[in-house]
Undergrad: 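Please read through the structure below; I'll follow up with questions.
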Amino acid sequence: MSAEVPEAASAEEQKVSAQDAGPAQDAGPAQGREMEDKVTSPEKAEEAKLKARYPHLGQKPGGSDFLRKRLQKGQKYFDSGDYNMAKAKMKNKQLPTAAPDKTEVTGDHIPTPQDLPQRKPSLVASKLAG
Amino acid sequence: MAGAGGGGCPAGGNDFQWCFSQVKGAIDEDVAEADIISTVEFNYSGDLLATGDKGGRVVIFQREQENKSRPHSRGEYNVYSTFQSHEPEFDYLKSLEIEEKINKIRWLPQQNAAHFLLSTNDKTIKLWKISERDKRAEGYNLKDEDGRLRDPFRITALRVPILKPMDLMVEASPRRIFANAHTYHINSISVNSDHETYLSADDLRINLWHLEITDRSFNIVDIKPANMEELTEVITAAEFHPHQCNVFVYSSSKGTIRLCDMRSSALCDRHSKFFEEPEDPSSRSFFSEIISSISDVKFSHSGRYMMSRDYLSVKVWDLNMESRPLETHQVHEYLRSKLCSLYENDCIFDKFECCWNGSDSAIMTGSYNNFFRMFDRDTRRDVTLEASRESSKPRASLKPRKVCTGGKRKKDEISVDSLDFNKKILHTAWHPADSVIAVAATNNLYIFQDKIN
């Protein structure tokens, strides 16, 4: 975490004392905002920090670009062949018990029956059930 | 955060202490992505506890019956069944991977000896039947005990097969597969109180299903704009009312909750009630909308209230009051001055869940550094607890934790900058009746109970 901007630090201290004041955590948003308006709001200080680092950050953060990226999460592959190759490579990495000379056989050269590894079990039991 | 004294700040009604009960999962530092727990859910009686993980697996734990010879195993949860619910798929049309991660598990109310649950990943919902088998038929006429067919000419007498006891076997079988109804990623499923239908919600649409019918579902909410450039908000969570089978709510990325009544129209694009807390425009910042996004919404057991979780707080709403929440509980307000870093490391988009206790007198939600927070609505007290291996001695009381934000750090406090943001508690569950909670900390499942007197 980066160092604090001076204004934000004093706002933090104000917040700490308010928290220690008593068990009433749900002081209510109105009261919280009153405090923030008295000094530079920590949120606005954070926003200034972000804008300083990324000056070209869009005006509408919740706008459609941001949301559309959210709608399409996940890695895009060229096609199903690309996807299956990537999965095979990942499986080889995730199962360290695989014999070292039998990994990475398919995909890099034309395999012969002797080269192909024994079929590994594709389902590994959850460790919660262990 | 903790109440005065710090020795024991009880939360959850009646004066009791939370104690460690069990922890499930591997201890090793190297956590495989597949082992990360993605959902936790008790069934209606609390006797079964289901977890789903990123590897598409479901593990169900069952509570042990009280046993006089082993009093300390009272109420312990042990593995009952485990199965692979979903597997990774490839969406050929979009060239995208469909993750096998279990987003949600919801139990059906028990109607016979078998247990049923719905589990969903991003695209497909499955109804699983979990049944016990403790008897086996022996003495078939046409086949041997090992299953080989007997030569019919050798059979000289008829016999009636008899049932013999066998070791308990728990079988899980998929009974229904509800597929191809969601273009976007499913975030919620919710079983209706009519026990016949359920809803599934993705980013832009909500569908209504009948549990018996897999080739059709009704679309009841559609917020997709004609022009995607005009998209301003997405659906983040949805849930049916616990008693009124015509009512459901859905929350949005803009911090609003809409309550819909299926009696008013077939398509519930127009809400019946609209819950939003008015915002002070002068305090608006770049982060305002992002941190107002609601990650979870849950009705109280009574059906009179509902709770919403946004990035920094939990709000309790009275269904009869749309203008503002009844209560607002700060989860980790000290993060407000860290929003820039949390945006850069994507933590600001973490989706925390929340839950009620059985009597609706307390609520719980997770935070970072394996901390989780409990708020007692009656006493107005709250407590921060930690799920860690260090405080994992049997029946050891959990010590309240405190985060210090200023420069002067007291002993036993932890400073905001020392918090581990990779240790997130996103999923927690509360037993429907007893003081038992399940907390998922990455790949470990912690179970805590109240101190036995």
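We name chains A, B, ... by the order of the sequence lines, and we start the count at 1 in each one.
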Undergrad: Using non-hydrogen atoms only, which part of B:I291 is less than 4.5 Å away from chain A: side chain, backbone, both, or neither?
TA: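 Looking at B:I291, just its side chain touches chain A.
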Undergrad: With only heavy atoms counted, which part of B:S293 is less than 4.5 Å from chain A, the side chain, the backbone, both or neither?
TA: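 For B:S293, the contact with chain A is made by the side chain alone.
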Undergrad: Which bit of B:L419 comes within less than 4.5 Å of chain A, counting heavy atoms only: side chain, backbone, both or neither?
TA: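 Nothing of B:L419, per the 4.5 Å heavy-atom cut-off to chain A.
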Undergrad: Between B:S313, B:S253, B:P88, who has the most heavy-atom pairs with chain A when the cutoff is under 4.5 Å?
TA: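 Most heavy-atom pairs within the cutoff with chain A belong to B:P88.
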Undergrad: If you round to the nearest 0.5 Å, how far is CG of A:L67 from CD of B:E230?
TA: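 These two atoms lie 13.0 Å from each other.
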Undergrad: Can you find a pair of side-chain heavy atoms, one from B:L231 and one from A:L71, that are under 4.5 Å apart?
TA: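 Of all side-chain heavy-atom pairs linking A:L71 with B:L231, at least one is under 4.5 Å.
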Undergrad: Relative to chain B, which segment of A:F78 carries a heavy atom at a distance below 4.5 Å: side chain, backbone, both, or neither?
TA: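 Just the backbone, heavy atoms under 4.5 Å.
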Undergrad: Please work out which of the three classes, parallel, tilted or perpendicular, describes the rings of B:F90 and A:Y83, given edges at 30° and 60°.
TA: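 It falls in the parallel class, under 30°.
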Undergrad: From the options B:D35, B:N443, B:N444, select the one residue that forms a side-chain contact (heavy atoms from CB on, under 4.5 Å) with A:K127.
TA: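 Testing each of B:D35, B:N443, B:N444 against A:K127, the sole residue satisfying side-chain contact (heavy atoms from CB on, under 4.5 Å) is B:D35.
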Undergrad: So for B:F61, is it side chain, backbone, both, or neither that comes closer than 4.5 Å to the heavy atoms of chain A?
TA: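 B:F61 touches chain A through side-chain heavy atoms alone.
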Undergrad: To the nearest 0.5 angstrom, please state how far the CZ atom of B:F349 sits from the CZ atom of A:R70.
TA: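 Reported to 0.5 Å precision, the distance equals 9.0 Å.
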Undergrad: Stepwise, does the side-chain contact (heavy atoms from CB on, under 4.5 Å) test hold for A:L128 with B:I37?
TA: CA-CA 9 Å; A:L128 287 183; B:I37 300 169; 3.9 Å; yes
Undergrad: From A:K51 NZ over to B:S285 OG, what is the distance, rounded to the nearest 0.5 angstrom?
TA: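 Result: 8.5 Å between the selected atoms.
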Undergrad: Taking all heavy atoms of A:K49 and all of B:C340, pick out the closest pair and write down the distance.
TA: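 Result for this residue pair: CB-SG, 3.9 Å.
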Undergrad: For the NZ atom of A:K44 and the CG atom of B:L339, what is their distance to the nearest 0.5 Å?
TA: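 One finds 13.0 Å between NZ of A:K44 and CG of B:L339.
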Undergrad: Specify the closest pair of heavy atoms between A:E46 and B:K338, including all atoms of both residues, with the distance to one decimal.
TA: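 Minimum heavy-atom contact is OE1-C, 3.2 Å.
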Undergrad: With a 4.5 Å cut-off on heavy-atom pairs, point out which of A:A86, A:S126, A:A48 contacts chain B the most.
TA: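 When all of A:A86, A:S126, A:A48 are compared, A:S126 has the most.
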Undergrad: Above 12 or not: heavy atoms from other molecules or residues under 6.0 Å from CG of B:D30?
TA: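 No, because the 6.0 Å sphere around CG of B:D30 holds 12 heavy atoms or fewer from other groups.
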Undergrad: Examine whether an atom of B:S81 lies under 4.5 Å from a heavy atom of chain A, and if so say whether it belongs to the side chain, the backbone or both; otherwise answer neither.
TA: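 Answer is neither: B:S81 stays 4.5 Å or more from chain A.
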Undergrad: Using a 4.5 Å cut-off on heavy atoms from C-beta on, say whether the side chain of A:E43 contacts that of B:S283.
TA: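 In short, these two side chains do not touch, never coming nearer than 4.5 Å.
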